[in-house]
4 protein chains.
Amino acid sequence: MARNVIRDEKVREERKQLIMDSVLQLIVRKGVGSLNISEIAKEAKLSVGNIYNFFKSKDEILDEILRKGQEEYRVFVTKVAEREDITPIEKLHFICSSWLSLKNNWAFTMMIQSIRMNETVREELKTVITRRFTQNLQPIEKIMKEGQEQEIIINENPLELAYYFVSLIQGLTLQQIPSNSVPVKMNADGIIHLFMKK
Amino acid sequence: MARNVIRDEKVREERKQLIMDSVLQLIVRKGVGSLNISEIAKEAKLSVGNIYNFFKSKDEILDEILRKGQEEYRVFVTKVAEREDITPIEKLHFICSSWLSLKNNWAFTMMIQSIRMNETVREELKTVITRRFTQNLQPIEKIMKEGQEQEIIINENPLELAYYFVSLIQGLTLQQIPSNSVPVKMNADGIIHLFMKK
Amino acid sequence: MARNVIRDEKVREERKQLIMDSVLQLIVRKGVGSLNISEIAKEAKLSVGNIYNFFKSKDEILDEILRKGQEEYRVFVTKVAEREDITPIEKLHFICSSWLSLKNNWAFTMMIQSIRMNETVREELKTVITRRFTQNLQPIEKIMKEGQEQEIIINENPLELAYYFVSLIQGLTLQQIPSNSVPVKMNADGIIHLFMKK
Amino acid sequence: MARNVIRDEKVREERKQLIMDSVLQLIVRKGVGSLNISEIAKEAKLSVGNIYNFFKSKDEILDEILRKGQEEYRVFVTKVAEREDITPIEKLHFICSSWLSLKNNWAFTMMIQSIRMNETVREELKTVITRRFTQNLQPIEKIMKEGQEQEIIINENPLELAYYFVSLIQGLTLQQIPSNSVPVKMNADGIIHLFMKK
DNA sequence: GATGAATGAGAATTCATTCAT
DNA sequence: GATGAATGAATTCTCATTCAT
């Protein structure tokens with residue numbers, strides 16, 4: 001009997017997504033260090049060998065997660081930057097609080113940093129990640145410029161400000177380890193306040 | 001002839017320091033992921049077995065590096081906070097630029113984050129690191145308070161400001177991977193400016 | 001409507017042959033080591049599972065290739081031996097140059113040797129291959145005898161001569177790896193000359 | 001206590017030789033197909049991990065065996081070719097019967113052919129093996145020339161004769177699978193006779 | 001203290017075969 | 001018949017740690 005090709009493809013995509021989600025879940029629950037194929041398989045309720053029907057290697061899974069994550073972030077942040085119904089401050093606020101509120105973002109930032117730190121070999125992956133990171137600064141830079149034109153954001157090089165903004169958010173994200181987070185509240189208002197004229 | 005116990009102890013300490021330095025060197029050159037005992041031994045020009053005459057385990061080496069690093073940082077930052085000959089802004093500037101200029105700080109920050117991310121087991125080590133991190137916020141908090149009294153630093157919760165300050169510096173540090181750093185300049189002036197009244 | 005059983009059987013045989021041809025193609029292109037079911041399936045443009053509708057196992061495919069190959073060789077060499085229109089020398093020449101000119105023979109010899117070398121388990125398959133090899137010496141032996149009667153072939157035990165003749169051809173075949181063949185010309189004349197009285 | 005460096009090096013060489021011998025033993029007993037690290041370790045009575053203290057990979061073991069084997073053969077055959085106390089026929093006889101009498105030679109020839117057949121990847125190893133094979137034809141070629149000058153060896157291109165001689169011996173060797181050898185006697189006299197004027 | 005061989009548990013990956021659709 | 005996801009055993013290699021010398 002002929003298979004339904006479209007349905008098959010959809011199931012396949014769902015399986016890939018299931019595996020990628022399982023990786024992020026595992027990171028949230030057990031940390032980056034315990035990422036191994038058999039744990040991933042257990043989390044996804046697949047057999048070890050079956051994972052390899054969807055991804056060529058463990059690295060490919062991680063690469064794909066990062067690619068997707070950075071891409072989604074790019075789309076998100078670009079859309080926010082282009083909105084005309086809210087002020088630059090509201091835009092920053094929106095970006096900042098969305099980021100800090102998502103569990104996955106923490107795991108995702110962990111992964112990025114972990115790869116940039118860990119891998120000796122995959123120099124080209126690190127380069128790609130860094131390049132995408134740099135590109136993703138541009139929408140934020142645009143928001144900063146907009147804010148400067150409206151005299152709400154302080155007058156520094158807007159790309160530099162974007163860089164500080166993102167690094168600050170990432171730095172804060174890294175402190176939020178589920179079991180051991182630093183006992184200091186953080187709030188989007190306070191963070192954005194740093195970038196405003198007073 | 002009786003052994004010179006004090007001298008022996010000194011040699012022993014030097015060896016331990018040699019091993020710990022080798023670890024940081026390796027992280028700078030090859031990343032956290034390729035840290036293993038035989039590489040460490042090669043870097044330190046000792047034999048594998050001999051490493052275990054100075055440390056009980058690989059973990060103990062890492063723990064000790066972190067302990068020492070955080071301790072030195074604590075001493076440094078406390079001293080800076082207590083100085084009476086410079087302004088709070090100058091203090092922040094001093095801390096910020098010292099931190100960003102040292103190669104070892106990068107490797108060290110890597111290690112901290114790596115351990116906080118990686119280890120599933122040693123929950124208590126992560127707790128210790130986080131506790132020390134939190135304690136080390138206090139001198140910065142004090143500087144912030146001082147700056148607020150002098151009406152130079154913005155009026156936010158000073159502990160929160162300290163937290164942002166340190167997270168920002170750490171976030172920036174993590175972008176500075178030797179081979180793949182983000183092509184955006186950063187300068188202490190710009191960073192501190194964020195925390196100043198304008 | 002009743003199925004056309006004969007036609008079905010023919011299609012089935014074609015499929016089996018397609019699979020076996022694909023195996024030999026793969027060996028020529030990629031070597032014996034990379035033979036695996038999914039590669040075979042890809043080469044034959046069938047699905048993995050479907051292969052198992054025609055053969056019970058991978059081993060069965062190999063067995064069948066060997067059986068057919070040795071059988072065809074037997075028929076070929078027997079026919080040549082029985083011809084009355086050409087001299088024994090011409091017979092040897094014919095056998096020798098046919099063998100050396102076919103790409104498939106190289107892959108086929110590879111397979112035989114590979115199985116004889118590789119398999120620990122299927123002792124009985126190796127025995128079968130060796131028995132058929134020995135049987136296939138007989139037509140050659142007959143040609144040698146014929147040549148000796150005509151005083152063209154040297155006077156040694158004709159079975160031994162047949163054995164040398166075939167081993168020599170196989171030995172030469174094995175040197176002819178597509179990408180790395182030994183840079184020495186070989187020609188049927190020279191080879192047969194060894195077995196002739198001079 | 002200081003170690004005896006020279007002794008250590010000797011022990012190390014013995015271990016490497018033990019491992020290489022174990023590989024050849026295994027091939028003789030179980031065939032090329034069952035060569036795997038854990039079998040090798042068992043045969044050598046070492047632990048799996050320990051194998052890797054002496055060789056970087058399984059491939060390195062095989063490479064080293066081949067290198068040594070081809071080198072020893074080169075030395076052997078060169079020495080024989082250069083002898084002045086025996087006739088060319090005696091030289092060929094010596095080479096032929098030494099080769100056919102050694103168990104290891106069979107395993108060794110198996111290995112060479114197996115590698116040339118199996119590996120898709122290690123193109124450069126195959127090239128090296130083929131190059132050395134070709135070089136090792138030269139001493140035989142020299143013997144053939146010498147025989148031709150003395151009008152004992154038939155008048156064909158001596159390099160071609162050498163090629164046939166070696167291929168024939170290899171072809172015969174491959175038939176000598178311990179458990180399934182072809183039931184035809186072979187003898188050095190008969191083989192060499194093929195190359196003699198009659 | 002110094003050395004590096006020895007160990008063994010685990011990691012990633014491959015692959016023949018089965019099975020639900 | 002046709003498909004390719006699913007399985008799990010087997011394989012290569014790594015590495016922290018121990019131990020005899």
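Keep in mind that the numbers below use all heavy atoms, side chains included, and drop hydrogens, waters and symmetry copies. So you know, we letter chains A, B, ... as the sequences are listed, proteins then strands, and number each from 1.
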### Query
Does the distance from a Lys or Arg side-chain N to an Asp or Glu carboxylate O, for Glu43(A) and Arg29(A), drop under 4.0 Å?
yes

### Task
Using both distances under 3.5 Å as the test, list the Watson-Crick or G-U wobble partner of dA20(E), or none.
dT3(F)

### Task
Using whole Å, report how far CG of Leu62(C) lies from C1' of dC15(E).
14 Å

### Message
Between Arg12(A) and Glu9(A), does any side-chain N to carboxylate O distance fall below 4.0 Å?
### Response
no

### Message
Does Val11(A) reach a base, just sugar-phosphate, or nothing at all? Heavy atoms under 4.0 Å.
### Response
nothing

### Query
Starting at the 5' end of DNA chain E and moving along, which residue's nearest nucleotide shows up first, Lys56(A) or Lys56(C)?
Lys56(A)

### Task
Run through Leu18(B), Ile19(B), Leu24(B) and flag the one making a side-chain contact (heavy atoms from CB on, under 4.5 Å) with Ser22(B).
Leu18(B)

### Rounded interatomic separation in angstrom, taking CG from Asp59(B) and C1' from dC15(F)
13 Å

### Message
Does Phe54(A) reach a base, just sugar-phosphate, or nothing at all? Heavy atoms under 4.0 Å.
### Response
sugar-phosphate

### Task
Looking only at side-chain atoms of Arg15(D), point me to the closest of dA2(F), dT7(F), dA5(E).
dA5(E)

### Task
Report yes or no: do Asn36(A) and Ser38(A) form a side-chain donor-acceptor pair below 3.5 Å?
yes

### side-chain N/O Arg12(A) vs dA5(F) OP1/OP2, d < 4.0 Å
yes

### Task
Assign Asn50(D) to base, sugar-phosphate, or nothing according to its heavy-atom contacts below 4.0 angstrom with the strands shown.
base

### Task
Would you kindly give the CZ-to-P distance between Phe55(C) and dA16(E), to the nearest whole Å?
15 Å

### Task
Between Gly49(D) and Val48(C), just flag the one whose closest nucleotide in DNA chain E comes earlier from the 5' side.
Gly49(D)

### Message
Given Glu39(A), which partner from the list Lys45(A), Lys58(A), Lys30(A) fulfils the salt bridge (Lys or Arg N to Asp or Glu O under 4.0 Å) test?
### Response
Lys30(A)

### Query
For Ile51(C), which contact category applies under a 4.0 Å heavy-atom criterion: base, sugar-phosphate, or nothing?
nothing

#### Entry: Whole angstrom value for the distance that separates P of dT12(F) from CG of Leu46(D)
16 Å

### Query
Relative to the 5' end of DNA chain F, which residue comes earlier, Ser57(D) or Lys45(A), by the nucleotide with the nearest heavy atom?
Lys45(A)

### Message
With a 4.0 Å limit, can you tell me whether Tyr52(A) has a side-chain N or O closer than that to the phosphate oxygens OP1/OP2 of dT14(E)?
### Response
no

### Task
Report which part of the nucleic acid Ile40(B) touches: base, sugar-phosphate, or nothing (heavy-atom distance under 4.0 Å, all strands).
nothing

### Task
Could you state the atom-to-atom distance from CG of Asn53(A) to P of dA16(E) in whole Å?
13 Å

### Query
Rounded to the Å, how far apart are Ile37(A) CD1 and dC13(F) P?
19 Å

### Task
Please work out if Leu35(D) contacts a base, only the sugar-phosphate, or nothing of the nucleic acid, heavy-atom cut-off 4.0 Å.
sugar-phosphate

### Query
Would you say Asn36(A) reaches dA11(E)'s phosphate, i.e. side-chain N/O to OP1/OP2 under 4.0 Å?
yes

#### Entry: Partner nucleotide of dT13(E) by Watson-Crick or wobble geometry (both distances under 3.5 Å)
dA10(F)

### Message
Strictly distance-based, threshold 3.5 Å: is any side-chain N or O of Lys68(D) a donor or acceptor partner for the main-chain N or O of Gln17(D)?
### Response
no

#### Entry: Euclidean distance, atom CD of residue Glu39(A) to atom P of dA9(E) [Å, nearest integer]
18 Å

### Task
Nearest whole angstrom, please: distance from the P of dT17(E) to the CD1 of Ile61(C).
9 Å

